[in-house]
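Side chains included, hydrogens not; waters and symmetry mates left out as well; all remaining heavy atoms used. Every chain is numbered from 1, with letters handed out A, B, ... down the list of sequences.
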Amino acid sequence: SADAKSEGTLKLKIADITTNPVFRVAVSKGIFKKHGIEAELITFATPAEGINSLFIKQVDVAYGADFPLLNAVSKGNYSIISSTGTATDANASEWKLFVRNDIQSAADLKGKKLSFSRGTFIPYLWDVYLGENGIALKDVELIGQGGFDESYVALKKGEIDGTWIYGSVLKEKFGALQEAHELTDMSKTPVRLGTGLIVSDELIDSNSDQLVEFLKALDEASEYAQAHPDETADILFKEVKQPREATLKDLPNNPWSIGFTEKAYNGLVGQKKYMIDNKIIEQDFELKDKLNLDLVRKAFPDRVIELK
Amino acid sequence: MSFLRKKWVILLLLWGVGLTLWQLLSLLYGPEVLPGPIYTAKGGLELLEDGSILRYIGISSFRVLMGWSLGSLLAIPVGLIIGKVDIVRTFAEPFLNFIRFIPPIAFITLFLVWFGIGETSKIALILYATFFIVVLNTLTGVLSVEEDKVRSARSMGASEWQILVHVIVPATVPYIFTGIRLAMGTSYMAIIGAEMIASNEGVGYLIWNSRLFFRTDWIFVGLISLGLMGFLTDRAVGFLGRKLLFRYGVVSSTSLRR
Amino acid sequence: MSFLRKKWVILLLLWGVGLTLWQLLSLLYGPEVLPGPIYTAKGGLELLEDGSILRYIGISSFRVLMGWSLGSLLAIPVGLIIGKVDIVRTFAEPFLNFIRFIPPIAFITLFLVWFGIGETSKIALILYATFFIVVLNTLTGVLSVEEDKVRSARSMGASEWQILVHVIVPATVPYIFTGIRLAMGTSYMAIIGAEMIASNEGVGYLIWNSRLFFRTDWIFVGLISLGLMGFLTDRAVGFLGRKLLFRYGVVSSTSLRR
Amino acid sequence: MAVTSPANTIFIESLNKSYSQHTVGELHYIIKDVDLVVKGGEFFVLLGPSGCGKSTLLNMVAGFVSKSSGNLRVGEAEVGRPGRDRAVVFQQADSSLFPWLTVRENVEFGLRMKRIPRKERTAISDKYIGLVGLTGHEQKFPRELSGGMKQRVQLARVLSNDPAILLMDEPFGALDAMTRKTMQRELASIWRNTDKTVIFVTHDIQEALMLGQRIGIMSAGPSSKITDIYEVPLPYPRDIYAPEFHALYDRIQSHFDE
Amino acid sequence: MAVTSPANTIFIESLNKSYSQHTVGELHYIIKDVDLVVKGGEFFVLLGPSGCGKSTLLNMVAGFVSKSSGNLRVGEAEVGRPGRDRAVVFQQADSSLFPWLTVRENVEFGLRMKRIPRKERTAISDKYIGLVGLTGHEQKFPRELSGGMKQRVQLARVLSNDPAILLMDEPFGALDAMTRKTMQRELASIWRNTDKTVIFVTHDIQEALMLGQRIGIMSAGPSSKITDIYEVPLPYPRDIYAPEFHALYDRIQSHFDE
Ligand SMILES: Nc1ncnc2c1ncn2[C@@H]1O[C@H](COP(=O)(O)OP(=O)(O)OP(=O)(O)O)[C@@H](O)[C@H]1O
Ligand SMILES: Nc1ncnc2c1ncn2[C@@H]1O[C@H](COP(=O)(O)OP(=O)(O)OP(=O)(O)O)[C@@H](O)[C@H]1O
Ligand SMILES: [Mg+2]
Ligand SMILES: [Mg+2]
């Protein structure tokens with residue numbers, strides 16, 4: 001845990017997932033160490049599980065998309081300290097909507113079976129996307145799925161009619177399907193997927209200076225990864241067996257920019273409204289209370305907006 | 001008589017102590033870590049009120065029963081053939097001893113690909129979980145048929161086919177039954193894996209989905225439902241076996257080895 | 001002699017036919033759906049070259065062996081006590097028959113909560129998977145000790161404690177051994193669940209993680225590793241049992257019921 | 001009284017049996033150069049120490065075990081496989097009766113295999129169940145009978161097939177002393193009312209003398225053969241205190257005292 | 001010759017045994033009002049039909065089964081539980097010997113429980129292994145012995161504890177006829193060289209006459225008792241063809257013919 005304050009070194013347990021390069025680069029290139037952070041990475045299957053581990057004090061820092069972040073802050077004394085700046089148009093354009101060939105426009109989705117991954121923001125995305133195209137959520141059937149291999153097979157067999165996917169591996173796989181084609185991508189919708197970092201308020205109170213360094217380290221690690229894609233691909237293959245081609249293709253779309261932008265804020269607001277409306281979050285709360293932007297402001301003053 | 005009464009008192013006492021301990025531990029560690037009986041009961045009530053837990057139990061039971069009965073029906077002839085035909089056995093035995101270490105859950109992706117995301121793949125996964133146990137038990141049964149039985153049938157003029165139908169199969173019934181009953185346990189174990197595949201309902205779904213929202217109380221409700229379902233069907237199967245297969249020497253056994 | 005030679009020829013032929021069929025099916029469906037033997041071998045080579053598959057096998061084996069031996073060590077005395085003490089048995093039996101339907105994977109979240117994200121929770125999950133099988137078998141063994149053995153020891157002046165140590169325990173050894181060996185199978189089955197808990201290494205991790213990247217070949221490599229690991233340890237345990245526990249009447253048995 | 005008939009005469013000439021042992025390389029004979037003619041309708045007893053090969057010889061006549069060399073005929077026909085003409089009564093009724101069939105169903109088994117109509121079957125089974133004194137027990141299962149009653153079922157079962165030859169392998173070996181005496185008396189009387197050839201295996205000299213017209217003494221194995229044949233010219237039912245009985249007993253006993 | 005001594009005299013007065021049956025409500029006696037004194041050093045045979053309660057009576061003397069009412073003393077002491085003074089030889093050597101111990105270890109079991117030093121133990125076991133004619137087989141396990149040899153081990157095992165009383169429950173019932181005769185002869189001679197009291201249970205009249213100084217006849221159950229006691233004034237070793245033997249045989253036989 002995070003009590004070792006001695007000599008300015010902060011021990012952190014960080015919840016990570018397999019596909020994210022930033023933490024791993026920061027560890028293996030000594031960037032954390034340089035910033036006085038002694039990091040241990042814990043790999044989870046999904047961000048949601050990593051964030052859940054915060055509750056049982058198994059990790060100190062977790063990272064995840066808006067959906068699980070909001071779910072977590074609604075439950076206790078945790079704060080979002082930064083966004084990773086991935087709520088960009090470029091990133092959003094990597095979220096592709098693949099549909100069966102008989103669907104040529106959004107209007108054709110009416111009455112169809114649409115896939116979503118459980119515990120993610122996809123239902124929200126469907127809600128917004130369909131709403132914009134004049135289709136109510138109750139006019140389609142949403143099918144919850146456990147993994148992308150599942151939606152791939154289901155789409156191929158016609159057991160579902162449309163699914164959102166992300167990442168080069170999936171884009172290639174789904175692109176090769178005879179039975180389906182790409183209809184649109186998320187950049188054409190108002191939805192931007194933010195990801196952020198979450199820690200306990202306790203940790204912020206006791207180690208705010210080191211956390212500032214932590215944020216700086218992350219930014220530096222992401223820059224390093226962007227500059228050295230091959231090395232990053234090697235690190236990921238070695239440590240988590242992510243195929244090299246996948247890393248190389250996805251890396252340019254995922255530069256982290258530690259900060260807190262207007263887009264990030266709007267993403268959270270929209271997402272939160274949806275979650276409250278759909279009773280996914282039972283107890284409403286003030287979003288501002290759960291955002292602690294002092295640290296990131298110290299680290300990168302020009303990348304943080306003022307909250308009204 | 002007085003001993004029997006005493007036994008019940010002690011039993012009640014022990015269960016009482018157990019429940020109290022559970023509650024105390026839960027208070028000590030907090031409901032996040034260990035949902036106590038009261039907290040769990042609340043969670044259960046919540047799921048009971050909107051009828052979902054009962055629906056989930058129904059759906060999961062249906063899947064288990066389908067996969068289990070189909071698996072058993074397929075496995076019995078396969079086991080008989082492997083047991084009877086030496087050359088098939090030589091080929092199949094190492095394979096069986098290899099595949100029995102591979103858990104059903106490892107086949108999720110492949111089954112998806114083969115059987116789609118509908119009920120078929122879920123049932124197929126449970127079928128897989130039960131298949132090999134029933135095959136292995138049937139096979140053991142065939143190999144355990146006393147030579148004297150076969151010999152006496154043969155010297156009374158039975159053909160090889162008659163021996164199979166009238167001697168081997170009935171003599172193997174107790175083994176088949178044991179296999180089927182053991183497989184029942186495994187099929188409940190496989191339901192979580194099966195309901196990881198594209199499902200919005202079922203006890204396995206409840207347990208797995210509750211992880212995402214960290215509802216330990218619902219996980220407990222799911223676990224208890226699973227245990228109860230298993231326990232009750234096991235008793236029912238045991239009872240039916242005792243009644244219907246009485247003449248084949250199927251007797252009750254309370255504690256089964258898995 | 002000539003029969004033996006013929007047997008080998010047929011066996012080789014059958015395996016050959018099997019592999020060819022596998023390859024043909026894979027060509028038919030495409031490697032996405034069913035990775036053929038060649039494709040799988042390539043994937044395996046990739047993982048072999050950077051040493052990861054061997055490391056994974058090592059890590060998973062360590063976890064399995066730890067969980068399995070700890071589970072067995074714990075389960076044996078528990079089984080003995082449940083078997084020997086009637087009142088404990090009355091209390092424990094329904095509980096055992098209830099909990100044996102709850103799969104290890106259902107406990108992932110709870111074990112994470114209880115034992116953290118380190119090795120402990122993974123080993124604990126495997127321990128859970130083996131514990132009840134060994135308990136149930138030990139218990140069955142204790143109940144199967146012939147009354148005559150206990151009576152003769154008693155009339156030769158053995159105390160109750162001496163009877164436990166010198167009669168009950170040795171007489172139960174074959175049952176304990178069967179339990180331990182069956183549990184070995186289940187512990188390999190539980191490794192996928194165990195390695196779903198916060199891990200980035202191990203055969204279970206490989207199988208589960210490869211889903212993300214659609215690497216069906218790696219899934220197959222993982223499955224085959226699991227099967228081989230199980231098969232080999234099972235044989236090794238069988239061999240050791242036969243050698244070391246010879247006097248207790250532990251004999252080899254090729255096909256074990258699960 | 002028994003009537004001699006060539007169709008149920010057994011001819012054995014220079015019969016050998018060895019289970020070839022690869023590892024040793026040398027041929028190890030169980031029985032060697034046995035010559036014997038059992039006349040149709042005769043009651044022949046085979047007497048010898050445990051393990052000498054009595055069962056092996058009987059099983060060769062039954063067609064269960066193949067000869068290594070020599071001649072073995074029943075009537076005109078070479079013995080190759082089991083046949084309806086040679087019925088076998090096994091020592092362990094438990095392993096040869098079908099526990100899932102009632103007494104009547106067991107007795108009718110051979111008839112059912114021959115597709116004899118139900119009415120005819122009932123008439124035949126009634127007759128033989130009556131003959132062995134089991135009337136009233138038709139609906140019982142073997143497990144509900146005592147050891148002696150089970151042997152009666154076996155007897156009725158083979159008799160209902162009307163075989164020319166009865167091969168009995170220590171059929172009373174597992175019975176208690178009193179039941180055994182009764183069964184011997186009844187077997188002798190049943191045999192005297194039919195024209196069947198009987199080969200009866202035992203290692204009890206008194207039993208041999210109670211039953212046999214001739215008694216063949218087998219030497220201890222390996223390479224055992226029939227060394228002596230005694231005629232027993234006593235009338236049935238025999239009296240063990242008759243001086244001739246006593247004299248024969250002593251003469252035969254002397255074979256085994258050496 | 002056997003010497004009378006009060007410490008190994010068995011007194012039985014109005015002894016009753018019933019297994020109370022709740023459902024029926026009435027008391028169902030297995031044995032009822034048994035009176036018997038077996039003098040120290042005497043060889044007493046208990047003869048009766050199957051199921052009459054011979055084992056029950058013997059087990060009460062052994063202390064394995066509690067009496068329902070009446071008096072049961074050995075010397076001065078009330079019999080309550082098993083004791084080193086009363087050794088039991090069971091019918092099934094397989095279920096009473098310890099298969100994980102060698103012949104020597106089995107024989108030394110009682111001494112080891114008493115913590116007799118190894119050297120002394122070896123001396124004692126050497127003596128009794130020799131007495132029963134098993135010298136040279138000390139290192140074998142029970143499974144490597146024939147039935148007769150196993151019963152010798154049982155005999156040596158109880159003798160090495162030097163009990164005052166030997167209780168034998170059909171110890172030769174499972175042996176083949178020839179081995180049985182030999183064992184009877186040897187038991188008689190071993191007994192004559194010690195001063196032990198023996199109660200020997202059998203249902204073989206010949207065996208009873210070969211061994212007993214007195215033979216108690218038990219009536220068939222329920223509520224069975226000892227109806228007659230015969231003195232056998234014949235010298236050992238006995239000759240079954242002696243006219244007195246014959247006469248006694250017929251008299252006893254007549255009890256069971258009715
Ligand atoms: N399948 C077999 N392979 C090798 N040896 C065998 C086989 N069957 C029997 N034998 C051997 O043949 C010998 C004779 O056996 P068999 O059963 O005929 O004896 P038996 O006279 O019937 O003995 P018992 O009185 O104990 O029944 C024994 O030494 C036995 O070990
Ligand atoms: N634990 C028990 N509960 C109820 N009845 C019993 C029990 N043990 C024995 N009996 C009954 O007591 C009777 C006498 O049994 P026991 O074993 O003493 O007979 P036995 O004379 O030794 O017979 P065998 O010669 O077959 O050994 C039997 O009818 C049996 O069913
Ligand atoms: Mg034999
Ligand atoms: Mg008895």
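- Rounded to the nearest 0.5 Å, atoms CD (A:E49) and OG1 (C:T109) are 7.0 Å apart.
- With a 4.5 angstrom heavy-atom cutoff, C:N200 touches chain A via backbone and side-chain atoms both.
- Atom NZ of A:K171 has 12 or fewer heavy atoms from other residues, nucleotides or ligands within 6.0 Å.
- Only the side chain of A:V169 has a heavy atom closer than 4.5 Å to any heavy atom of chain C.
- Atoms CG and CG, on A:N52 and C:L112 in that order, are 8.5 Å from each other to the nearest 0.5 Å.
- Residues C:I117 and A:F44 share a closest heavy-atom pair of CG2-CZ, 3.8 Å.
- Around atom CD of A:E202, no more than 12 heavy atoms belonging to other residues, nucleotides or ligands sit under 6.0 Å away.
- Both the backbone and the side chain of A:K241 come within contact range of chain C, with heavy atoms under 4.5 Å apart.
- In the displayed structure, A:Y224 atom OH is contacted under 6.0 Å by more than 12 heavy atoms of other residues, nucleotides or ligands.
- In this structure, C:D50 contributes its side chain and A:K238 its backbone to no donor-acceptor pair below 3.5 Å.
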(request) Test side chain to side chain contact (heavy atoms under 4.5 Å, CB included) on C:Y205 and A:V240 and set out the steps. (result) CA-CA 9 Å; C:Y205 166 80; A:V240 295; 3.2 Å; yes

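- The part of A:V59 that comes within reach of chain C is its side chain, from C-beta onward, which places non-hydrogen atoms under 4.5 angstrom from that chain.
- Heavy atoms of A:L170 lying under 4.5 Å from chain C belong exclusively to its side chain.
- More than 12 heavy atoms of other residues, nucleotides or ligands lie within 6.0 Å of CG in A:L248, so this atom counts as buried by the packing criterion.
- Contact of the A:I56 side chain with the C:W114 side chain is not registered, since no non-hydrogen atoms from C-beta on lie closer than 4.5 Å.
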